[in-house]
Every structure is written in structure tokens, then in C-alpha cells.
Number of protein chains: 2
Amino acid sequence: MSQIGEHLRELRRRRHLGIRELAARSGISHSTISLIERDRISPSVDTLSAILDALGTTLPGFFSGITSVVPSSPFYSSRDCIEIGNHDSISYRMLGVNFPNRTVLMLHETYAPGADTGEAFSHQAQEAGFVMTGAVELTVGSESRVLMPGDGYYFDSRSPHRFRNVSNEASQIISAVTPPTY
Amino acid sequence: MSQIGEHLRELRRRRHLGIRELAARSGISHSTISLIERDRISPSVDTLSAILDALGTTLPGFFSGITSVVPSSPFYSSRDCIEIGNHDSISYRMLGVNFPNRTVLMLHETYAPGADTGEAFSHQAQEAGFVMTGAVELTVGSESRVLMPGDGYYFDSRSPHRFRNVSNEASQIISAVTPPTY
DNA sequence: GGCAACTGTCTAGTATTCTAACCGGTGAAT
DNA sequence: ATTCACCGGTTAGAATACTAGACAGTTGCC
């Protein structure tokens, strides 16, 4: 929304390009670019991608350069941690909701007895965590192991992985994923 | 962009969320999400951002580039977590010792009653953590607060910060720092 | 067998982005 | 001072994203 227009305009100016010239190179009309740069419209990903192409940039590069200037409070009480799981048998409570340019996804995970994530496949990221309560069977690739409180894990998320609560009480894990693609 | 839909669908499935549930949380209609996931339309940045918000992800995280890493053994029992603290009153037990190209420093921190880190500056990084037991007074910049079990924090490590155990029992924190500037 | 509560897809209509053409302003050459 | 070339901004109309609601398939309960 906000910084996109400003950021785009700066990228263009840095290359000493006019709006019309950028339009010609990207195949997007100059009026559209003008509107985007002044935050009058929110471009589609296709449109933005075409423009960035002409600037020699990429979508990841573009968004990694955006930094919010809004400072947020460093403290998060229990109720500030928003739920991003499916509520039923598995709870994922996320930390740092409004943190600008968050680079790590920190979670407080709670699994009901018998809860199972099912197999999840490659997202390019790294995952680490400690088991706090209960007992969790973690499968990564073809390996499997039951982790007890105090134990932990660290694996590349590109390997298919799966968590299963094998205790008869709630299992809790504190985990971190970076980049926060989960 | 063809892989956007597939990527988005996988993110959603990984959380065991239905299209309708995600729609309700993001404020975007379920039909739109369906169309995006099947690459029938190219979402506007606003729309995509709203959806990613509900998934606990960010635009930079979503578009972040591909890094290939060869995984080692993903499991770490308690005794595999090496101590990097000073052993006296503060313990820092690190996860993923020999993980190649580690991008996050995951710690199990234990503070004896009264233990105090003193004021610390750090390199550019981000820190997040959950308090598990005890009570910890955290000071970041000029702000200070006592965090109880279940509470957490997330701040930019460039701000001077300090941890102090204000309970009469051991306080434990599970934390993550990225990049692992240690 | 229903019936209810899900799942994801499809369609008709609305809202928004995007384009083409036009607008006034600047500066340089004649 | 006119003309020309360029700049970015504005605006109807075309193209596309987005929404509400209907549809079919699946699961599970009675």
C-alpha cells in the first residue's frame, strides 16, 4: 500500500528514467505507472512484476528493500499473540504481529493429544524449535524421532516434515522459522 | 506469475486452513482466493498482502529468493544443545550447532534468580522470544516491562537491551535471533 | 437413506485497475 | 513568440480483479 509508490519512484529516478520511458520498456502504460507511484491504485502482481523487470529488479528484491518506519512496541503479552492455526487440535500463536519487516516467524505451538500436522512439503526456509511439554514425534524426510521436553530440532524446511503429539497431554513447542514463509 | 498460486495454496494447506476460513480471516472473498491459487487472476498487491497477513507471512517473506541448503540430522536432544553462556547465573543453550548455513540462532536461556545480562548492544538483527517460567524484566531502549510465562518479545537488536530475572526461581526463555550474529 | 456441515469451483455482476487520449507546464531551438 | 519535444498528471472507456451466491462433491452423524 503505502511505501510501494514511493519506493518505485525512487528506483526509477535512481536510474534516470522518465515515466514514459519506463512505460515503453515495461509494456505498462505511463498513466498506470503514474498512478502507482502516487499510491492511487494498488498494482496487480503481474503489472508490478513487469515494471520491476524493466528496472532490472525482482519482486523479492523490491519487497526486501521496503522497510516500515513505524516503530512498534517490543512487548507482547499472551493475548497479543494472534492465532494463525486452525483452532481445533493445533494452535499456532504468532509473536511480533506488527513488527516491521519481520524476518523470523516465532510461534508458540500447542498440540492436543494425538494431533498431527500431516506431511508438509518444501518451503525454502529453516526451522528450529524446543519441545516444552508433552512428547512430539517429528518426522523429517525419512527420519523420525520422539522429542521430549528440553529436546529440540533444527532442519531445512525443504525436507518434508511432520509433527505428531504422541503423549496423552497437550504438547507445546516454541519454534522459529526464517524467512517467515512458514 | 505462475508459481504464486501454487505457493499460496501450499502455505494455506500447511496450516490446515480451508479457503473459506482464510477468506474470513483476511477479509478477501473465498472465490478470489480460489482464483488466485489456480492462477486465474493476478492479485493486486493489496489483496495479496491482506491474505499473507492472515497467514502470518509478509510480502518480502513470500517473495524471498531460493537458497539451497544441504540438511544435516534434524534432531537435537537436550545434551546436543551446546552451552554458549557463562554458566554462572545465565545459561544459553544453542540449537543446531552444526547446521550448515544457519540463518537463525535458537536459544534455550535459563536465568538464576536475580541474574542480569547488563546492557547490551548488538549488530543488526532481530530478536524474538517467549518467557516460559519465572518472570523477566526486559528493557529495550527506554522502555521496560516484566514478562510472565506465555508473554513474549520481538525487537530490533540494534536497540540497547537488557534481561533481568525478577522472580525467586529460575527464569527460562526460548528465543531466536536472526541473522545469527554471534 | 437423508440431512447437515464441510470442501473447492463456477458464474453473473460489481468494483477496481489499466489504457488511450488529452491536459497544462517546462525548456530549448528557431 | 512560436514551435517542437519532452515531462508528469488527469480522465473516459476498456480490461481485469474481485464479490456474492449457487453448484457439486465429500464426510460424518442419526
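Atoms considered below: every heavy atom in the structure, side chains included; atoms not considered: hydrogens, waters and symmetry mates. Here is the naming used below: chain letters follow the sequence lines, and residue numbers restart at 1 for every chain.
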Worksheet entry | Protein-to-nucleotide contact annotation, 5' to 3' order, nucleotides 15-21 of chain C [B base; S sugar-phosphate only; - none; under 4.0 Å, heavy atom] | --SSBBB

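With sequence neighbours left out, the side-chain contact (heavy atoms from CB on, under 4.5 Å) criterion links A/I36 to A/L8, A/T32, A/I41, A/P43, A/T47, A/I51.
Considering only side-chain N and O atoms, B/R9 lies nowhere under 4.0 angstrom from the phosphate OP1 or OP2 of C/dT7.
Atom P of nucleotide C/dC10 and atom CD of B/E37 are separated by 13 Å, given to the nearest angstrom. Look at CG on B/L22: it is 13 Å from P on C/dT9, rounded to the nearest Å. In this structure, B/R12 places its CZ atom 12 Å from C1' of C/dT9, rounding to the nearest Å.
In this structure, a donor-acceptor pair under 3.5 Å is absent between the side chains of A/E21 and A/H30. A donor-acceptor pair shorter than 3.5 Å cannot be found between the side chains of A/Y154 and A/E127.
Here the closest non-hydrogen pair linking B/S171 and B/G134 is OG-CA, 3.4 Å.
Under a hydrophobic clustering in which Ile, Leu, Val, Met, Phe, Trp and Tyr are joined whenever their side-chain heavy atoms come within less than 4.5 Å, directly or via other members, B/V136 and B/V166 fall into different clusters.
Contact of the B/S144 side chain with the B/E137 side chain is registered, since non-hydrogen atoms from C-beta on lie closer than 4.5 Å.
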